[in-house]
Visitor: 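One structure, pasted below without further comment.
No hydrogens, no waters, no symmetry mates; every other heavy atom, side chains included, goes into these values. Note that ligands are numbered from 1 as they come in the structure, with each ligand's atoms numbered from 1 the same way.
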Amino acid sequence: MKPTTLHLTLLLSISLLKGISANEKTPWLDEKFVNQKTVGLSKLESSNPAQWRVIWKTDPANKATVSWTTAMVGKNHLVHYDLKSRKGFPKNYTYKKVSDRNGRFSGSGGEHFHHARLAELKPSTTYWFVIESDGLFSPEMHFTTAPVNDRSFSVLFGGDSRSGHFARAQVNLLMAALSEENPEIIAFAHGGDYISSGKNWGQWSRWLSQHELTVAASGKVLPIIPTRGNHDGGPLFDEIFDSPGGKERENYFSTRLSSQVALVTLNTETKAGGAQRTWLGKTLQSLRPEVRWLLAEYHRPAWPAVKRPGAAQEFWVPLFEEFDVDLVVESDGHVIKRTVPIRNEKKDSTGVVYVGEGGLGVSQRKPDLSRWYLRSPGMATRGHHVMNIRFTPEKIDYKVVLLDRSIADQAIFRPRKK
Ligand SMILES: [Fe+2]
């Protein structure tokens with residue numbers, strides 16, 4: 001049948017409609033859009049506050065660190081904040097907090113970090129803030145503290161943003177869109193390998209500026225829970241994230257995300273045994289009876305889809321199994337994977353599931369599908385992605401979202417029987 005004018009018009013209308021709706025939902029698939037957004041990032045010059053981030057460590061219901069960068073040392077660095085929007089007028093905010101820690105980034109050209117540690121915050125509460133350095137101000141932004149009750153909420157997880165700067169910007173824009181659309185998303189846990197060379201300030205600076213793309217149009221910021229990766233060696237990680245875990249370069253800590261959810265962040269870049277293993281055992285032992293959902297996150301996988309197993313397999317996996325951890329998030333492989341439940345090195349319905357392995361911009365690799373723990377009901381594939389993990393009293397909803405918003409993998413986890 002020859003197409004008629006009506007057919008052609010209809011086809012054109014349908015494809016235009018499809019094009020419009022796809023573009024509206026995923027504008028970051030358009031190169032021009034991403035470039036425009038990247039050009040529009042805050043300038044790192046003089047004492048202009050830029051590269052802002054909110055950091056969560058142990059107690060996100062009551063504490064958050066607001067951090068930023070200035071190109072020069074400056075004198076007066078503070079955060080103005082309040083329980084409601086003051087539309088960016090600094091004098092109208094009820095509270096202020098002078099930066100607690102300032103310093104020159106190692107190996108930088110004079111750029112400085114500033115960390116204002118907010119405390120005595122109310123749980124499940126939205127805080128609005130502007131950052132000030134020597135009379136120059138950020139736009140108004142806001143974040144919501146973690147709950148202390150059992151309400152449902154979501155956290156985005158992902159790792160490996162170290163190269164692929166364009167794709168990194170795209171995933172950041174995807175995260176901002178997900179965060180804007182869904183008030184339940186309250187934080188972003190980064191599984192490490194932010195950049196290629198941990199001692200290179202220029203690479204960190206680019207990552208920090210691009211992190212601004214994760215801020216939603218409304219000004220909603222996702223507090224970051226940082227994990228150190230094997231590419232993140234050197235002092236800059238602690239300077240950027242205000243030494244999560246307390247001691248320089250140790251960087252292991254637990255984050256109480258609600259009355260029933262705890263996330264234990266481990267550091268694969270320091271000794272997995274010894275003090276860290278002892279700490280992990282004590283931490284899991286005390287958290288397990290308190291929470292319904294107990295998670296762990298670290299960089300180098302115990303059950304990799306690409307490389308050889310890291311020290312986590314020997315030192316941490318027995319503890320995850322002893323204390324029935326509900327879900328473990330790994331990075332480093334540059335693929336998407338979900339293992340079968342594992343106990344005693346074999347598939348076991350009472351075992352622990354490991355997901356990951358990093359796709360926040362870095363080129364993707366080919367998973368080794370012959371590994372027993374990746375076979376059905378496990379899976380592995382590739383693609384830039386972010387994981388959206390939702391916690392409710394009944395289940396954990398796990399979804400892997402690709403750049404085009406399609407779902408590469410999903411699973412439901414039920415509470416363990418006591
Ligand atoms: Fe890595």
Visitor: Charged N to carboxylate O below 4.0 Å: is that the case for Lys199 and Asp232?
Guide: no
Visitor: If you measure from the Lys or Arg side-chain nitrogens to the Asp or Glu carboxylate oxygens, is any gap between Arg256 and Glu290 under 4.0 Å?
Guide: yes
Visitor: Run the ring-centre check on Tyr252 versus Trp279 and record whether the distance is less than 6.0 Å.
Guide: yes
Visitor: Return yes when at least one N/O/S atom of Asp193 is nearer than 2.8 Å to the Fe ion (ligand 1), and no when none is.
Guide: yes
Visitor: Of all the atoms in Asn230, is at least one N, O or S atom closer to the Fe ion (ligand 1) than 2.8 Å?
Guide: yes
Visitor: Measure from the Fe ion (ligand 1) to each N, O or S atom of His231 and report whether any distance is below 2.8 Å.
Guide: no
Visitor: In terms of relative ring orientation, are Phe413 and Tyr398 parallel, tilted or perpendicular, with 30° and 60° separating the classes?
Guide: perpendicular
Visitor: Determine which of the N, O or S atoms in Asp332 is closest to the Fe ion (ligand 1) and give its atom name.
Guide: OD1
